[in-house]
Amino acid sequence: MYHPPTLRVEVAMPRKEELSTTMFSDGHAPLHRWPAMLVEEGRTVMELPLPPDVGGTYYLELATADQRTERRFTIRTA
């Protein structure tokens, strides 16, 4: 069965806020940007569809109006 690649991210928000997500290469070149979404206060799980033919090490940037954070992740294909 075919399953498109998806990145599953869990975030904990202190208040309802718009969250932007961007995927960067290992060298920090922007690769993909998902539409901004309004995230409720508390824990939220997001499933972000990944571009085709991904594999390797990447960074995910999560950004609000006044803060941002990056997390490194690896995709391994069989």
Side-chain angles (χ1 to χ4, degrees):
M1 187 121 214
Y2 173 73
H3 295 282
T6 303
L7 181 62
R8 188 174 190 271
V9 180
E10 183 176 351
V11 295
M13 301 294 285
R15 63 186 168 278
K16 185 176 184 177
E17 197 161 0
E18 187 173 85
L19 184 66
S20 299
T21 50
T22 306
M23 180 175 162
F24 291 91
S25 71
D26 196 26
H28 281 78
L31 297 175
H32 188 77
R33 184 178 310 256
W34 291 272
M37 57 185 75
L38 192 58
V39 179
E40 297 291 331
E41 177 182 344
R43 294 195 178 274
T44 300
V45 174
M46 302 180 300
E47 291 193 359
L48 306 170
L50 290 168
D53 301 324
V54 291
T57 302
Y58 302 95
Y59 288 89
L60 177 68
E61 178 187 82
L62 303 164
T64 64
D66 58 353
Q67 292 184 356
R68 72 179 186 89
T69 187
E70 286 185 1
R71 294 294 183 258
R72 184 175 180 231
F73 67 98
T74 302
I75 300 172
R76 294 187 181 111
T77 56

Closest approach of [X] and [Y], non-hydrogen atoms and distance?
X: S20; Y: A36; answer: OG-CB, 3.8 Å
X: E17; Y: A65; answer: OE2-N, 3.9 Å
X: P49; Y: H32; answer: O-NE2, 4.2 Å

Distance in Å, [X] [atom1] paired with [Y] [atom2], rounded so as to fall on 0.5 Å steps:
X: L62; Y: M13; atom1: CG; atom2: CE; result: 9.0 Å
X: R33; Y: T22; atom1: CZ; atom2: OG1; result: 3.5 Å
X: T6; Y: M46; atom1: OG1; atom2: CE; result: 13.0 Å

[X], [Y]: one ILVMFWY side-chain cluster at the under-4.5 Å cut-off?
X: V39; Y: L60; value: yes
X: I75; Y: L7; value: yes
X: W34; Y: Y58; value: yes
X: Y59; Y: V9; value: no

Flag for R76-T74: side-chain donor and acceptor within less than 3.5 Å: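 T74 vs R76: no donor-acceptor pair found between side chains.
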Before you tell me yes or no, could you show the steps for M23 and V54 under side-chain contact (heavy atoms from CB on, under 4.5 Å), namely the whole-Å CA-CA distance, both residues' side-chain angles and the distance that decides it to 0.1 Å? CA-CA 11 Å; M23 180 175 162; V54 291; 4.2 Å; yes
R68/E70 salt bridge by N-O under 4.0 Å criterion: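 Looking at R68 together with E70, the answer is yes, because their closest N to O distance falls below 4.0 Å.
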Please lay out, stage by stage, how K16 and E40 fare under the test salt bridge (charged side-chain N to carboxylate O under 4.0 Å, His left out). CA-CA 4 Å; K16 185 176 184 177; E40 297 291 331; 3.6 Å; yes
